[in-house]
Amino acid sequence: MKQQTLDSLPDGHATPVSTFTAFRATLRRDLLIALKRRNDLLNPLMFFLIVVSLFPLGVSSDPQELTRIAAGTVWVSALLASMLSLDNLYRADYEDGSLEQLLLSPQPLYFLVLAKNIGHWLVSGLPVVLLSPLLAYMLYLPADAYWTLVFTLLLGTPVLSLFGSIGVALTVGLGSRGLILAVIVLPLTVPVLIIGAKAVADVSLGLPLAMHYSLLGALLALSLSLAPLASAAALKISVN
Amino acid sequence: MWQWFYRMGSPKWFYEMSGKWLPWLYVLMTVLMSVGIVWALLFVPQDYQQGNTIRIMYVHVPVASISLACFPLMAVAGVITLVWKMKLADMVAKCAAPIGAWFTAVALATGAIWGQPIWGTWWAWDARLTSMLIQFFLLIGVIALRSAIESPDDSARASALLAIVGAINVPIIKYSVEWWNTLHQPASNFSMDNESAFGPEIWVPLVIMIFAVYCFFVISLILSTRNEILRRERRAQWVQDIVAGEKV
């Protein structure tokens with residue numbers, strides 16, 4: 001149906017855009033915008049760094065104590081950093097009206113939302129993953145747990161972006177949304193936190209990790225397939 | 001079938017029908033509650049390990065089991081709201097959230113009171129306690145989202161969506177937390193054998209209490225939904241007629 005209406009448009013609009021092209025264009029646009037705003041790119045990372053360094057100050061500088069809490073600290077800080085960067089996801093687009101254009105486009109909203117979520121993860125989640133070994137070193141995480149930390153974060157932070165996207169989409173039209181976003185999204189992220197932090201803790205005990213990875217992978221698969229649908233529905237509710 | 005479904009969605013129909021159900025529910029709840037409480041407090045034998053402390057089970061278990069029913073209820077109401085745009089479903093969902101949050105809070109509180117003498121601590125990061133706490137947070141999130149969005153239509157659809165997402169997440173949270181840590185005693189299996197630790201003389205009053213608390217939940221939900229109906233339909237003629245009738 002949509003294909004037909006597009007074809008029947010006047011000249012210049014006659015070529016329908018394929019879903020994949022639209023996906024790539026959305027992703028490219030979001031990455032370009034992020035590159036143009038260096039501060040937005042840097043802030044979540046600085047926040048991550050600062051929160052992690054608060055723990056030795058607040059708890060203890062004792063290496064043994066820090067080793068025990070290292071996994072949880074890095075994971076909780078990554079969770080909070082991803083939460084803080086979420087606001088960028090749809091807000092500017094909502095304010096300048098490009099979100100409405102996105103909703104009006106004939107391509108399935110699922111893929112466009114997915115492109116935006118992947119873009120968000122690339123600029124806010126991936127840097128956190130890459131920075132995590134440094135912070136793990138500062139917290140005396142045992143050397144054999146480094147790769148586990150990086151891999152679990154690599155599997156887990158996209159889930160945080162995808163879940164968070166639902167919350168942002170629901171609250172994008174509200175005036176003050178910082179706290180309500182956290183209240184809505186944080187409880188949803190509990191499974192990721194539990195599995196990720198436990199994997200890092202378990203590797204130091206020499207336990208097998210296949211189950212942890214499969215569970216995180218399952219969560220990622222589930223949220224990749226369902227969360228953008230919920231985000232798309234939420235955007236349609238928020239923008240009307 | 002569909003006609004019945006749509007008629008049920010009319011707030012006026014629900015208001016009139018629920019007015020007829022309420023007296024029966026009151027009677028049923030009073031009977032069940034008094035039988036259940038007297039039986040549980042006076043006639044159930046002491047537990048050989050837990051002594052009289054076991055009696056708090058007769059409040060804790062019903063409240064906890066009903067608080068678990070809340071998210072599925074809100075999710076079903078949410079689907080009806082999103083698909084059929086039925087106002088009544090949204091009113092029920094709106095009223096179920098705070099009631100569910102209260103039931104969850106009471107389950108946590110009675111659990112703490114039970115846990116203190118048995119485990120020696122008011123709070124433990126045990127699987128069921130933790131997943132109850134997270135469920136409480138999720139319900140608070142739904143309530144917060146609803147009150148943050150001003151337009152009633154948008155807030156109905158937004159909280160319906162969040163309730164559905166939450167309902168999908170509740171089992172995932174439950175299993176991940178269980179996998180993480182377990183201290184809570186496993187739920188006891190019902191047994192017909194009186195010699196068993198969980199024989200009929202223990203569980204029959206428990207079943208009565210579960211039904212009694214269910215009645216209480218349904219009554220609270222109906223009463224608060226009726227209030228919501230009156231508030232939202234206050235400009236409708238039939239509501240004005242009721243108000244005029246009460247003034248006379």
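Residue numbering restarts at 1 for every chain, and letters A, B, ... go by the order of the sequence lines. Note that the coordinates shown come from a computational prediction; the quantities given were computed from them, not determined experimentally.
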Is it the case that the side chains of Ser165(A) and Asn117(A) hold a donor-acceptor pair, with the cut-off being a distance below 3.5 Å and no angle test? yes

Interface moiety of Asp154(B) toward chain A, non-hydrogen atoms closer than 4.5 Å: both

Decide if atom CH2 of Trp238(B) counts as having more than 12 heavy atoms of other residues, nucleotides or ligands within a radius under 6.0 Å. yes

When [options] are compared by non-hydrogen pairs under 4.5 Å with chain A, the top option:
options                                    : value
Leu82(B), Val170(B), Ile149(B)             : Ile149(B)
Thr130(B), Val142(B), Asp153(B), Leu162(B) : Leu162(B)
Ile173(B), Leu145(B), Ile168(B), Ile172(B) : Leu145(B)

Between chain B and each of Ile166(A), Leu170(A), Val183(A), count heavy-atom pairs under 4.5 Å; write down the option with the most.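 Greatest number of close heavy-atom pairs with chain B: Leu170(A).
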
Spatial distance of atom CG (Leu138(B)) from atom CD1 (Ile184(A)) [nearest 0.5 Å]: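 Atom-to-atom, Leu138(B):CG and Ile184(A):CD1 are 10.5 Å apart.
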
Side chain to side chain donor-acceptor pair (under 3.5 Å) between Thr81(B) and Arg157(B): does it pass, once the steps are laid out? CA-CA 7 Å; Thr81(B) 307; Arg157(B) 291 193 294 154; over 6 Å; no

If you draw the axis of the six-membered ring of Trp179(B), does the NZ or CZ of Lys198(A) fall within 45° of it and under 6.0 Å from the ring centre? yes

Contact class of Leu186(A) relative to chain B, heavy atoms under 4.5 angstrom: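 Neither part; nothing is under 4.5 Å.
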
